[in-house]
Amino acid sequence: MDDLTVVERVPGPALRPYVMGLYAYRERYAQPHVRLEPALPGAVLIIGFGAPMQVDGGRFTSFTGGLSDRYTVTTTQAPTEGVEALLTPFGARRLYGVPMRELTNLVLPADDLLAGWTQRLGQVEGWPERLALFESMLTTRIHGGPEPRGEVGWAWARLLESGGSVSAAALSDELGWSHRHLVARFHDEIGLAPKAAGRLIRFDRARRMLRTGVPPARTAAACGYYDQAHMNRDFRLFCGETPGQIFPRPPAGATADSAV
């Protein structure tokens with residue numbers, strides 16, 4: 001019998017600038033379960049306690065990495081459970097303490113960067129207690145990590161506020177930096193160049209709009225794509241699906257106009 005159970009914990013104020021979500025999960029499937037995990041404007045940390053899963057061809061129980069400009073294929077074949085954190089780029093930078101360019105498009109065993117975390121969290125019984133410990137460990141480690149540069153934080157916030165539409169040239173001008181310097185700082189703190197980061201933010205916004213029922217053509221226009229074909233190309237790269245596969249189908253009997 002297929003089963004997926006997820007419990008969410010809202011991060012406390014000290015963690016919210018760095019962690020977008022905290023989750024405990026348990027999953028069991030009758031057959032191997034394949035997912036196309038979309039690229040996100042952040043990093044994923046999984047601490048697992050059951051059977052390993054396949055992630056882009058490798059086998060991992062606990063794993064993490066940096067930002068990615070492509071989707072990830074995962075396969076769950078046996079019962080597993082664990083905790084998950086969705087990290088902002090600056091949360092990942094402070095947590096791991098390495099330049100984010102070293103983690104871009106990589107999947108690594110979590111204990112390579114966070115030694116002993118799987119063992120420590122695996123000793124705790126109960127999801128509320130495990131999530132509380134997970135949050136405490138993240139808070140301590142992140143606040144002990146390197147402070148992000150304020151200018152890059154400002155530029156990232158501008159990209160988020162604009163839905164990824166502000167150009168690297170505009171960011172450089174407003175900061176008084178050369179384009180080369182801006183790109184170098186983004187690779188250190190974010191893991192992607194400003195243009196690639198903007199594309200990823202725009203895709204993430206479009207994907208969220210589609211999932212709430214905004215039609216593809218309207219989503220493409222709102223997110224600044226040249227046309228729907230332009231949006232389709234980004235979706236195939238970032239999530240392996242088309243906007244039409246994500247957009248909820250209208251109920252039976254709905255007219256064409258009602259779905260536009």
Side-chain angles (χ1 to χ4, degrees), residues 11 15 17-25 27 33-77 80-122 134-135 137-138 141-142 145-146 148 152 156 159-160 183-201 203-204 207 234 237-240:
L15 210 52
Y18 305 107
V19 175
M20 296 177 282
L22 291 171
Y23 309 91
Y25 67 89
E27 53 186 332
H33 188 77
V34 179
R35 291 190 183 95
L36 304 183
E37 303 287 0
L40 300 170
V44 176
L45 168 62
I46 297 282
I47 304 292
F49 313 109
M53 70 171 65
Q54 291 186 2
V55 185
D56 276 355
R59 289 178 63 81
F60 302 90
T61 301
S62 299
F63 59 92
T64 190
L67 271 69
S68 179
D69 60 6
R70 65 200 71 166
Y71 66 89
T72 300
V73 180
T74 66
T75 305
T76 303
Q77 295 179 296
T80 187
E81 64 178 278
V83 289
E84 175 180 4
L86 299 183
L87 306 163
T88 70
F90 304 108
R93 175 72 176 92
R94 300 194 73 179
L95 181 66
Y96 302 133
V98 299
M100 290 303 293
R101 66 175 180 272
E102 297 181 11
L103 304 178
T104 302
N105 288 327
L106 291 180
V107 180
L108 301 169
D111 282 340
D112 283 4
L113 296 168
L114 303 170
W117 279 44
T118 300
Q119 181 180 9
R120 185 177 174 190
L121 284 161
F134 192 35
E135 179 171 5
M137 293 168 69
L138 287 166
R141 173 96 176 202
I142 286 173
V152 181
W156 179 255
L159 278 172
L160 290 175
V183 170
R185 297 286 70 77
F186 257 67
H187 277 139
D188 278 348
E189 303 282 351
I190 306 294
L192 297 173
K195 183 176 180 180
R199 284 182 66 195
L200 185 55
I201 290 168
F203 154 76
D204 187 64
R207 180 172 172 271
D234 269 8
L237 175 65
F238 290 136
C239 72

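Here the structure is a predicted model, which is why all the values come from computation and not from measurement. Quick note: numbers below take in every heavy atom, side chains included, and nothing from hydrogens, waters or symmetry partners. One-based numbering along the sequence shown.
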**Asked** CG/Leu95 to CE/Met137 distance, rounded to the nearest 0.5 angstrom?
**Response** 9.5 Å

**Fill in**
side-chain contact (heavy atoms from CB on, under 4.5 Å) filter on Asp234, not counting sequence neighbours, yields Arg199, Arg202, Tyr225, Phe238

**Asked** For the residue pair Pro89 and Trp156, what are the closest heavy atoms and their distance?
**Response** CG-CZ2, 3.6 Å

**Message:** Using a 6.0 Å cut-off, check whether atom CD of Glu102 has over 12 heavy atoms from anything other than its own residue.
**Reply:** yes

**Item:** Check: Asp69 side chain, Leu200 main-chain N or O, donor-acceptor pair, under 3.5 Å
**Value:** no

**Message:** Using side-chain heavy atoms (C-beta onward) and a distance below 4.5 Å, is Val55 in contact with Ile46?
**Reply:** no

**Asked** Side chain of Arg59, backbone of Met53: donor and acceptor closer than 3.5 Å?
**Response** no

**Complete:** Residues at least two apart in sequence or cross-chain that pass salt bridge (charged side-chain N to carboxylate O under 4.0 Å, His left out) with Arg70, listed by chain then number, are none

**Asked** Is the shortest heavy-atom distance from the side chain of Thr72 to the side chain of Val44 under 4.5 Å?
**Response** no

**Asked** With side chains defined as the heavy atoms from C-beta onward, is the minimum distance between Leu40 and Met20 less than 4.5 Å?
**Response** no

**Prompt:** Considering residues at least two apart in sequence or located in another chain, which fulfil the side chain to side chain donor-acceptor pair (under 3.5 Å) criterion with Arg141?
**Reply:** none

**Fill in**
Heavy atoms of Ile142 and Gly91 approach each other most closely as CG1-O, 3.9 Å

**Message:** Exactly one of Leu36, Leu237, Asp56 should register a side chain to side chain contact (heavy atoms under 4.5 Å, CB included) with Tyr71. Which one does?
**Reply:** Leu36

**Request:** Find out whether Val83 and Leu22 are in side-chain contact, i.e. whether some heavy atom of one side chain is under 4.5 Å from a heavy atom of the other.
**Result:** no

**Asked** Can you name the nearest heavy-atom pair linking Phe49 to Thr118, along with the distance?
**Response** CE2-O, 3.6 Å

**Message:** Would you compute the distance between atom CG of Asp111 and atom CD of Gln119 and round it to the nearest 0.5 angstrom?
**Reply:** 8.5 Å

**Message:** To check you understand the geometry: which heavy-atom pair defines the closest contact between Pro38 and Phe203, and what is its length?
**Reply:** CB-CZ, 4.1 Å

**Request:** Please say whether more than 12 non-hydrogen atoms of neighbouring residues, nucleotides or ligands are located less than 6.0 Å from CZ in Arg35.
**Result:** yes

**Asked** Looking at residues at least two apart in the chain, or sitting in another chain, which of them share a side chain to side chain donor-acceptor pair (under 3.5 Å) with Asp112?
**Response** none

**Test side-chain contact (heavy atoms from CB on, under 4.5 Å) applied to Leu103 - qualifying residues, sequence neighbours left out** = Tyr96, Val98, Met100, Leu108, Leu113

**Thr61 side-chain N/O to Gly48 backbone N/O, donor-acceptor pair under 3.5 Å** = no

**Request:** Specify the closest pair of heavy atoms between Thr88 and Pro17, including all atoms of both residues, with the distance to one decimal.
**Result:** OG1-O, 3.4 Å

**Request:** Can you see which heavy atom on Gly97 is nearest to which on Pro146, and at what distance?
**Result:** CA-CD, 4.1 Å

**Prompt:** Within the distance-only criterion (no hydrogens, no angle test), does the side chain of Thr74 pair as donor or acceptor with the backbone N or O of Gln54 below 3.5 angstrom?
**Reply:** no

**Asked** Are the side chains of Trp117 and Thr64 in touch, meaning some heavy atoms are under 4.5 Å apart?
**Response** no

**Request:** Would you check, one step at a time, whether the test side chain to side chain contact (heavy atoms under 4.5 Å, CB included) holds for Val19 with Phe134?
**Result:** CA-CA 12 Å; Val19 175; Phe134 192 35; over 6 Å; no

**Asked** Is the closest side-chain heavy-atom distance between Val152 and Phe90 below 4.5 Å?
**Response** yes

**Prompt:** Atom CG in Leu121, atom CD1 in Ile47: separation rounded to 0.5 Å?
**Reply:** 6.5 Å

**Pairing residues for Thr80 by the side-chain contact (heavy atoms from CB on, under 4.5 Å) criterion, not counting sequence neighbours** = Tyr25, Glu27, Thr76

